[in-house]
Protein chains: 2
Amino acid sequence: MTDEKQKSWQSVKEEALARIHSRRWKPGQLIPFEADLAEEFGCSRSTVNRALRALADEGLLDRRRKAGTRVPLYPARKATLSVPVIREDIIAKGYDYSYSLVSLEAEVPPTDVAVRLGWTAARQGLHIVGLHFANTSPYVIEDRWIDQNLADSSDVEAFSNLSPNEWLVTHVPFTAGTIAFSSLNADTQTARLLDCPSGAALFVIERTTRNNRRSITTVRLIFAPGYQIETSI
Amino acid sequence: MTDEKQKSWQSVKEEALARIHSRRWKPGQLIPFEADLAEEFGCSRSTVNRALRALADEGLLDRRRKAGTRVPLYPARKATLSVPVIREDIIAKGYDYSYSLVSLEAEVPPTDVAVRLGWTAARQGLHIVGLHFANTSPYVIEDRWIDQNLADSSDVEAFSNLSPNEWLVTHVPFTAGTIAFSSLNADTQTARLLDCPSGAALFVIERTTRNNRRSITTVRLIFAPGYQIETSI
DNA sequence: GAGTGGTCTAGACCACTCG
DNA sequence: GAGTGGTCTAGACCACTCC
């Protein structure tokens, strides 16, 4: 037992976690029912439920009605990581933030981008490339495509000194999206922008955002060498 | 409104989400209090609480006592992604899985690994390199260091045909860990193992696992070119 | 100090599954 | 069919913060 006084759902969660880690509850094994644990811990079933549900959300327990709750064979399969908002990410690291527009054109996207956007017919989109700096060093390239119908000419002017992401957040509603993490060799233009050797391995985050079933924007964030994203479980 | 009949926390969550997406609740704005929403939706405050808490967990709402609940300026900053269990990942994609041991030696880790493990003094660790295959193609290199005290000679034999990860899961308790995602240029040996060009950009996952405050193992998963990890929000 | 979200309870019914 | 987790309620008190 951790402490006899407490009976919060967090203390129940901790105790359960301790039992998993200490292998008192072994992988693959059924653990006691909610009602029994409630009695053991001297709290209501709701409290036990909340605690075990939290562990299940993190992938450390497997729960099914009637079947009961089990410790999974392969735990911790889920990691929640916070996707950085670039400006805040840079400022949090103690650097000065700045942004500069590299290019802004209306053009027909290449096929891989068209696929991400779900555009079947060839059509123009707004293609914006910008560069975010930490102090004077290039930090990440923001290569974005936006549905042209969303932005009128007055908006377009805003992109010269405002990151498209910050524009989108305040102007465009969205309902869902996907995020993908991958890596990429720097081509010559990318290397030039990021001031790194051509061919360098770069970390890439791709985000596509939809409004109902229609894609409205897709962005590729290409980070300067050495970037890594971290989380703890 | 979505449907008048329902009053589950999920329906409340959906309605709240719809209001955020439609900008009826705008970024930065205060939304109604739990009690008011409970009355509006015809459910108890607990139900509203559960729904709004779920949205807050996903980073779509910002809640503070006394201050109330707000729509954040930059939403969806959290992504939960499931870290693949290699064997299952490969099988799920419809390939045959196989594993082969590349090397197994007791040696002193290089400094970067020693740092990850938190080893201050120079000491030997068990260094295991293995290769996971999807059909006959190399899929990922598993480059792992294990605290030598954890494995005795009889265990070591098991590594010839069992992935160290699967061994660890069933033999070693742990309490916490960190996961990092990054990218890396293939050196010559890595390129040879993964059957890819030297210098190719590879996706890398590093995991370090601790038991109480002591690091027990650190692993670097180096994926063959083209790998990406995805999630939706 | 006062108001908001955070949590707990006891009880109830429901929904999903397994034997 | 029966047992387990999933959820809802009404009410209560607490803890954190903002005014």
Side-chain angles (χ1 to χ4, degrees), chain A residues 1-17 19-20 25-73 75 78, chain B residues 1-17 19-20 25-73 75 78:
Chain A
M1 306 294 140
T2 46
D3 223 283
E4 298 295 350
K5 291 178 184 175
Q6 306 232 34
K7 47 189 172 181
S8 64
W9 70 270
Q10 304 203 20
S11 68
V12 172
K13 179 184 168 186
E14 270 177 43
E15 173 59 22
L17 200 54
R19 292 187 184 183
I20 294 170
W25 292 344
K26 299 187 181 62
Q29 203 179 49
L30 202 65
I31 76 171
F33 305 132
E34 286 188 352
D36 296 338
L37 288 173
E39 191 176 1
E40 179 186 339
F41 292 135
C43 65
S44 75
R45 184 165 80 89
S46 321
T47 303
V48 174
N49 182 288
R50 172 96 190 253
L52 299 188
R53 187 157 37 79
L55 288 172
D57 286 345
E58 296 171 23
L60 276 80
L61 282 178
D62 220 17
R63 321 191 76 203
R64 264 183 304 177
R65 284 161 157 150
K66 169 72 180 177
T69 300
R70 288 177 183 281
V71 181
L73 256 16
K78 290 178 187 170
Chain B
M1 308 295 139
T2 46
D3 221 283
E4 298 294 351
K5 291 179 184 177
Q6 306 232 33
K7 46 184 171 181
S8 63
W9 71 268
Q10 304 204 19
S11 69
V12 173
K13 178 185 169 186
E14 271 176 42
E15 174 59 22
L17 200 55
R19 291 186 185 185
I20 294 170
W25 292 345
K26 297 187 180 61
Q29 204 179 45
L30 203 64
I31 75 169
F33 305 131
E34 288 188 349
D36 297 338
L37 287 173
E39 190 177 1
E40 179 187 339
F41 292 136
C43 65
S44 73
R45 184 166 79 89
S46 321
T47 303
V48 175
N49 181 287
R50 172 95 191 255
L52 299 189
R53 187 156 38 80
L55 288 172
D57 286 344
E58 296 171 24
L60 276 81
L61 282 179
D62 221 16
R63 321 193 76 204
R64 264 183 305 175
R65 284 162 158 151
K66 169 74 179 176
T69 300
R70 286 176 183 283
V71 181
L73 255 18
K78 289 178 186 172

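Reckoned from all heavy atoms, side chains included, excluding hydrogens, waters and symmetry mates. All figures in this text were calculated on a predicted structure; none of them were measured in a lab. Lettering follows sequence order; numbering is per chain, from 1.
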Output the distance between atom [atom1] ([X]) and atom [atom2] ([Y]), rounded to the nearest 0.5 Å.
X: B:L55; Y: B:R50; atom1: CG; atom2: CZ; result: 11.5 Å
X: B:W25; Y: B:R19; atom1: CH2; atom2: CZ; result: 5.0 Å
X: B:F33; Y: B:E39; atom1: CZ; atom2: CD; result: 13.5 Å

* Asked: Of all nucleotides in DNA chain D with an atom under 4.0 Å from a non-hydrogen atom of chain B, which is the first and which the last going 5' to 3'?
  ->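 On DNA chain D, the outermost contacted nucleotides are D:dT7 to D:dC18.
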
Evaluate the side-chain proximity of [Y] to [X]: yes if any heavy-atom separation is below 4.5 Å, no if none is.
X: B:V12; Y: B:L37; answer: no
X: B:P72; Y: B:L60; answer: no
X: A:S8; Y: A:T47; answer: no
X: B:D57; Y: A:D57; answer: no

* At their closest point, which heavy atom of A:V48 faces which heavy atom of A:C43, and how far apart are they? ->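 Closest heavy-atom pair between A:V48 and A:C43: CG2-SG, 3.7 Å.
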
* Closest approach of A:W9 to A:A54 (non-hydrogen atoms, all atoms of both residues) ->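 That closest heavy-atom pairing would be CZ3-CB, 3.9 Å.
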
* **Passing option when A:I31 is tested against A:V71, A:I20, A:D36, A:D62 for side chain to side chain contact (heavy atoms under 4.5 Å, CB included)** =>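 Checked A:V71, A:I20, A:D36, A:D62 against A:I31; only one passes side chain to side chain contact (heavy atoms under 4.5 Å, CB included): A:V71.
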
* Do NZ/NE/NH1/NH2 and the carboxylate oxygens of B:R45 and B:E40 come within less than 4.0 Å? ->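 No, B:R45 and B:E40 are not salt-bridged.
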
* **Canonical and wobble pairing (Watson-Crick, G-U, under 3.5 Å) of DNA chain C, dot-bracket with |** => ||||||||||||||||||.

* To do: Name all residues meeting the side chain to side chain contact (heavy atoms under 4.5 Å, CB included) criterion together with A:R63; count only those two or more places apart in sequence or in a different chain, and write none if there are none.
  =>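 Side chain to side chain contact (heavy atoms under 4.5 Å, CB included) list for A:R63, sorted by chain: A:E34, A:N49, A:L52, A:R53, A:A56, A:T69.
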
* **Neighbours of DNA chain D within residues 44-51 of chain A, by heavy-atom distance under 4.0 Å** =>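 Residues of residues 44-51 of chain A that come under 4.0 Å of DNA chain D are, in numerical order, A:R45, A:N49.
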
* **Any residue of residues 27-37 of chain B with a heavy atom less than 4.0 Å from an atom of DNA chain D** =>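 Contacting residues: none.
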
Between the protein and nucleotides 17-19 of chain C, which nitrogen or oxygen pairs are less than 3.5 angstrom apart?
residue : atom : partner : partner atom : Å
C:dC18  : OP1  : A:R64   : NH1          : 3.1

* To do: Give a yes or no answer on whether the side chain of A:Q29 reaches the backbone of A:K26 with a donor-acceptor pair at less than 3.5 Å.
  =>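 Indeed, once roles are kept as given, a pair shorter than 3.5 Å links the two residues.
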
* Checking side chain to side chain contact (heavy atoms under 4.5 Å, CB included) for the pair B:R70/B:L61: CA distance, chi angles, key distance, verdict? -> CA-CA 6 Å; B:R70 286 176 183 283; B:L61 282 179; over 6 Å; no

